[in-house]
There are 2 protein chains.
Amino acid sequence: MITQSVDAPAGSKSEQAYAAIKEKILAGKYTPGYRLVLAKIADDLGFSVVPVREAIRRLEAESYVTFERNVGATVAGIDPTEYLYTMQTLSIVEGAATALSAPRIMPADVARARAVNERMRECLGHFDPVQFTALNLEFHSILFENCPNPHILDLVHRGWNRLQALRSSTFSYVPGRAQQSVAEHEALLALIEGGAGPDDVEHTARAHRTATLDAYLTHTNHPTQH
Amino acid sequence: MITQSVDAPAGSKSEQAYAAIKEKILAGKYTPGYRLVLAKIADDLGFSVVPVREAIRRLEAESYVTFERNVGATVAGIDPTEYLYTMQTLSIVEGAATALSAPRIMPADVARARAVNERMRECLGHFDPVQFTALNLEFHSILFENCPNPHILDLVHRGWNRLQALRSSTFSYVPGRAQQSVAEHEALLALIEGGAGPDDVEHTARAHRTATLDAYLTHTNHPTQH
DNA sequence: CTTAGGATGATCGTATACGATTTCGTACTT
DNA sequence: AAGTACGAAATCGTATACGATCATCCTAAG
């Protein structure tokens with residue numbers, strides 16, 4: 001028997017609420033500091049407060065929102081330090097995921113990744129941050145998606161999500177970094193094609209992200225961490 | 001009016017429920033596969049189902065339990081593959097945390113760590129897995145606790161928690177590995193004392209954990225991963 | 001003996017209700 | 001005028017109730 005109606009969003013209401021709120025945060029409709037009032041959100045969605053509350057606690061566990069007892073939830077803060085921490089963490093887990101993934105990457109995958117990178121190169125002229133970011137994620141996804149360890153993969157996905165949330169609301173791009181990024185992508189692909197060892201792949205992948213972080217720190221004159 | 005009795009555990013009931021369930025999982029009272037029935041747990045704690053449900057969803061987000069719609073929650077899986085994934089992830093994040101922590105480690109910290117390691121060495125004769133594990137965590141905590149990035153530190157703590165949960169219910173120890181571990185600890189301390197670079201520290205710290213994983217895989221004839 | 005079908009019980013999912021806590025504005029005191 | 005005390009409004013926290021869904025067992029047909 002078919003229990004799932006065709007047009008209903010999948011899952012329970014708490015899951016729908018989770019997805020809806022998360023999407024609004026990532027889309028920048030709920031900006032950081034925005035007060036998430038249970039009753040209001042419940043009313044907007046047409047649900048009661050219980051599933052909404054559950055969704056918010058889940059978002060809290062994933063650090064999308066901060067929660068204070070008897071006060072409520074607000075969209076999580078996004079100071080530059082947070083960006084630094086997120087990028088640093090992502091550089092580590094993504095580097096590892098890419099290295100673990102590398103032996104399973106087929107020539108066809110490399111070709112796809114290269115095609116994406118070429119589209120990024122074409123973007124450089126009429127620069128569109130949103131499109132460039134989307135292509136960047138697509139490129140790296142091809143490189144790390146074959147990672148056989150689901151825990152690491154999960155950490156990578158969380159890092160990208162968090163990064164997207166931070167970027168959409170606060171940070172702009174560092175001039176000149178995009179071109180460098182495209183070149184580093186090509187170098188990374190060459191390395192994988194050449195059958196480089198996992199240590200080399202990991203080091204290069206991590207360095208790629210670290211370079212982005214450094215560019216940001218230099219650009220914004222952020223106090224270097226100790 | 002005083003509504004909070006003096007000896008009550010701090011926080012809301014959902015937080016109490018979260019802590020209570022998590023502790024029972026880590027203590028091995030709820031073994032993997034154990035069925036977590038909302039009504040029963042609520043009854044045991046004297047709460048209603050709502051905060052218990054919230055606690056379980058939070059534990060799900062932290063992957064302590066698995067949840068299936070309209071069926072319920074069970075304590076999260078425990079197959080050898082899970083152990084492998086957890087160890088592999090921990091080797092990566094702990095290696096990074098240790099490397100980031102290394103420059104901030106004072107001679108006094110090294111001395112403390114060495115003292116702990118000596119107690120581990122003394123343990124080798126009359127081997128007590130529980131005590132040895134506790135000392136092992138204490139040793140490594142000294143080495144990674146100064147990591148300035150709270151995200152990475154959080155991942156390390158989660159990994160250790162998860163490992164503890166897995167071990168308490170399923171895995172025994174590999175003969176001979178403990179002695180090797182103590183020796184590797186000493187080598188790691190020497191490296192840090194000598195002011196080795198972060199790359200060296202990270203590599204050595206990761207190798208230490210990888211060696212434990214390999215010993216386990218060999219010992220159990222687990223099919224090697226690709 | 002096997003298997004399809006349906007009844008029953010166990011459990012989850014969420015709406016509603018109400019008590020508890022915080023916040024904020026207002027009036028009163030000094 | 002500044003600070004404090006009080007009270008009302010907003011919001012959270014949880015208990016209860018009930019409908020929805022899934023698992024199990026029983027029955028009966030093949």
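Protein chains get the first letters and strands the later ones, always in sequence-line order, with residue 1 at the start of each. Just so we're clear, the structure is a prediction, and the values are computed from it rather than from any experiment.
- Side chains of A/Ser12 and B/Arg69: a donor-acceptor N/O pair is absent below 3.5 angstrom, by distance only.
- In this structure, of C/dA15, D/dG13, D/dT16, it is D/dG13 that holds the atom nearest to the side chain of B/Ser12.
- The side chain of A/Arg53 lies closest to D/dG13, out of D/dT16, D/dG13, C/dT11.
- For the pair A/Val71 and A/Gly46, nearest-nucleotide mapping onto DNA chain C gives the more 5' position to A/Gly46.
- Considering B/His157, B/His140, B/Arg104 in turn, B/His157 is the only one that fulfils the side-chain hydrogen bond (donor to acceptor under 3.5 Å, both in side chains) rule with B/Glu145.
- Taking OG1 of B/Thr74 as the start and CZ of B/Arg35 as the end, the distance is 8.0 Å to the nearest 0.5 Å.
- Side-chain proximity of A/Val37 to the nucleotides D/dT11, D/dT14, C/dG13 is greatest for D/dT11.
- Nearest nucleotide to the A/Arg35 side chain, out of D/dT11, C/dA15, D/dT14: D/dT11.
- A/Leu36 comes within contact range of the sugar-phosphate backbone alone, with a heavy-atom separation under 4.0 Å but no base atom that close.
- Here the nucleotide nearest the side chain of A/Ser14, chosen from C/dT22, D/dA15, C/dT14, is C/dT14.
- Side-chain contact check for A/Gln88 and A/Tyr83: no donor-acceptor pair (N or O, by modelled atom type) lies under 3.5 Å.
- Nucleic acid contact for B/Val50: base, since at least one base atom lies under 4.0 Å from a heavy atom of the residue.
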